[in-house]
Each structure stands twice: as C-alpha cells, then as structure tokens.
Amino acid sequence: KAGVTQTPRYLIKTRGQQVTLSCSPISGHRSVSWYQQTPGQGLQFLFEYFSETQRNKGNFPGRFSGRQFSNSRSEMNVSTLELGDSALYLCASSLEVSLGTDTQYFGPGTRLTVL
Amino acid sequence: AQSVTQLDSQVPVFEEAPVELRCNYSSSVSVYLFWYVQYPNQGLQLLLKYLSGSTLVKGINGFEAEFNKSQTSFHLRKPSVHISDTAEYFCAVSEKQAGTALIFGKGTTLSVSS
C-alpha cells in the first residue's frame, strides 16, 4: 500500500504570496492532519480534517486554512506569506475508527522557504 | 492544556550501549502517549504508543517505553543501540477522545558513534 504523499516536496515563495500544499493519504484513511515543523517552535499541530470537515484546529492565524475532498485528499493554503512561515509542513493520515488511538502515518513533508 | 518536555536535547552514545530518552508530560485530562522517530529529510515514523493497559510498551527496532502515571513520564529505552538509530526522537501526547491532534516535545537528537 502506498504511503502518504505530499506535493510539492520543495517550494520557494516570496513574502506576500500565497501557497497551496497537497496531501494524499493512505488509501482508506479518512483523517488527515497537518503539522508545521520549525527549528524554533518544533512540531505544531495546524488542523485535522475528517470526512471533509475540520474537526480540530491548532493555534495558528486565519492565514492558514485547509480543506479535504471526498476522496480524503487534503490541501492546506497559506495566504500573505511571512518569513516566519518558512518550515517543513507535514501531513499525517489515519483510519480514525477510534478517536486518537489509530496510528498516524506521516508523509515526507513539503519544505517551504519564504524569501 | 497539555505540554511535553523532553529533558535532553542531545544524547550522544557509543554503539551497543544502552540509552534512555526522557519525556515528561503535563495534562489535566487523560492522554495517549507516543514516541516518533525522524530520520534526516524524512517524515515521522511511529516507534510505539501507550493507550491503556500494561505500562511497559514494546515498539519497533527494539525500543520500549514505560508509562509512569505518578511521575507523568514516558521514557524511551533501548538496551543496545546501533549506528542506524541515529535520528531525532519526539515524544507526543494526545487528549483522549479528542481527535488526533498531537502535542510534541522539542525532540531529542540521538547520536550513535562507533
């Protein structure tokens, strides 16, 4: 079974632009979560989608948004990019039959650099 | 709110030596506990998780961890490490019955040398 895939793997943008990152979960997985990883703040939870609905949200500004499609694929969008948005963005998927107990499988991440 | 503290940012050890990576958590509700490993330029991989039951949890690659409720700790151990265990290790918690949101510690870099 294919793992979690994220596209693109690397991205360079300039301040003020917007960006869309894509995540394809493992086949059959219905939950998709997004995390931001930076050297200073570490790994931080952005949001989680389950059956096309945002179920949980971390403490990030409204510039960060996401959505999930009927095939469970997910996208996250960051508008009006700031230098501090430079990070590795990780997507994780799980079956989520039972809240919180199913293993989350992480993708390799998208490395976003904001210049 | 939950928080996770990994007490050592870097742990250098020699090959075949035992290792313990320490993790303490703080939470006002019941939590699930996890250890993940991240190799360079890769995503995270689950090593083991504690959901309930036996406090000693065995995971992949010979790792194990013990949940101590009174000390709110979940330390990761391996009796004999290999060069290939060099990686960054993250301890995480999630609130029971509250979805998949993981709260991570800052990570511990394990460096194994010969």
Side-chain angles (χ1 to χ4, degrees), chain A residues 3-7 9-10 21 23-26 29-51 53-60 66 68 74 88-111, chain B residues 1-10 21 23 25 27 29-53 57-61 63 65 67 87-109:
Chain A
V4 178
T5 57
Q6 293 187 244
T7 56
R9 291 291 311 276
Y10 301 91
L21 312 182
C23 172
S24 292
I26 292 173
H29 285 193
R30 298 161 64 189
S31 169
V32 173
S33 298
W34 288 89
Y35 294 84
Q36 181 196 64
Q37 185 175 23
T38 60
Q41 298 299 317
L43 279 153
Q44 294 183 283
F45 172 74
L46 280 156
F47 29 65
E48 180 212 356
Y49 286 86
F50 180 79
S51 293
T53 301
Q54 187 179 88
R55 188 163 64 173
N56 212 340
K57 189 178 189 304
N59 189 26
F60 277 81
Q68 186 180 34
S74 177
L88 181 67
Y89 289 89
L90 293 164
C91 164
S93 77
S94 66
L95 281 168
E96 214 42 39
V97 172
S98 177
L99 274 176
T101 63
D102 296 308
T103 297
Q104 290 192 56
Y105 295 86
F106 283 79
T110 294
R111 173 77 61 186
Chain B
Q2 304 118 49
S3 66
V4 177
T5 301
Q6 291 185 241
L7 297 160
D8 306 293
S9 59
Q10 298 193 36
L21 306 183
C23 172
Y25 70 93
S27 177
V29 300
S30 295
V31 296
Y32 300 126
L33 296 153
F34 307 82
W35 274 99
Y36 282 85
V37 61
Q38 186 176 33
Y39 299 101
N41 299 315
Q42 294 186 30
L44 281 73
Q45 179 183 12
L46 180 70
L47 281 175
L48 46 80
K49 59 184 176 183
Y50 173 77
L51 304 179
S52 65
V57 181
K58 293 190 183 297
I60 62 171
N61 301 341
F63 285 94
F67 169 55
E88 190 154 21
Y89 293 78
F90 293 94
C91 180
V93 302
S94 68
E95 185 180 338
K96 284 187 177 180
Q97 301 303 314
T100 62
L102 291 168
I103 307 301
F104 285 92
K106 293 289 191 184
T108 297
T109 301

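When heavy atoms are compared at a cutoff of 4.5 Å, Q38(B) approaches chain A solely by way of its side chain, counted from C-beta outward. For L46(A), no part lies under 4.5 angstrom from a heavy atom of chain B. Heavy atoms closer than 4.5 Å to chain B are found in both the backbone and the side chain of L43(A). Neither the backbone nor the side chain of R111(A) comes within contact range of chain B; no heavy atom of the residue lies under 4.5 Å from a heavy atom of that chain. Proximity to chain A is limited to the side chain of L51(B), based on heavy atoms less than 4.5 angstrom apart. The contact between T103(A) and chain B is made by backbone and side chain atoms together, counting heavy-atom distances below 4.5 Å. Q37(A) touches chain B through its side chain: at least one heavy atom from C-beta onward sits under 4.5 Å away, while N, CA, C and O do not.
Your options are S52(B), A92(B), A101(B), and the one with the most heavy-atom pairs under 4.5 Å with chain A is A101(B). Of the residues considered (P108(A), S31(A), G42(A), C91(A)), P108(A) shows the highest number of contacts with chain B, using heavy-atom pairs under 4.5 Å.
Judged by distance alone, with hydrogens and angles left aside, the side-chain atoms of K106(B) form a donor-acceptor pair with the main-chain N or O of Q41(A) at under 3.5 Å.
By the neighbour-count criterion of 12 heavy atoms within 6.0 Å, atom OH of Y25(B) is densely surrounded, having more than that number from other residues, nucleotides or ligands.
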Would E95(B) and N56(A) count as a side chain to side chain contact (heavy atoms under 4.5 Å, CB included) if you check the C-alpha gap in whole Å, the side-chain angles of each, and the deciding distance to 0.1 Å?
-> CA-CA 12 Å; E95(B) 185 180 338; N56(A) 212 340; over 6 Å; no
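The OG atom of S94(B) lies 10.5 Å from the CD atom of E48(A); values are rounded to the nearest 0.5 Å. Taken to the nearest 0.5 Å, the NZ atom of K49(B) stands 6.0 Å off from the CG atom of D102(A).
Within the 4.5 Å cutoff, the side chain of Y35(A) has no heavy atoms near those of the L44(B) side chain.
Contacts of K58(B) classified as side chain to side chain donor-acceptor pair (under 3.5 Å), with partners at least two apart in sequence or in another chain: E64(B).
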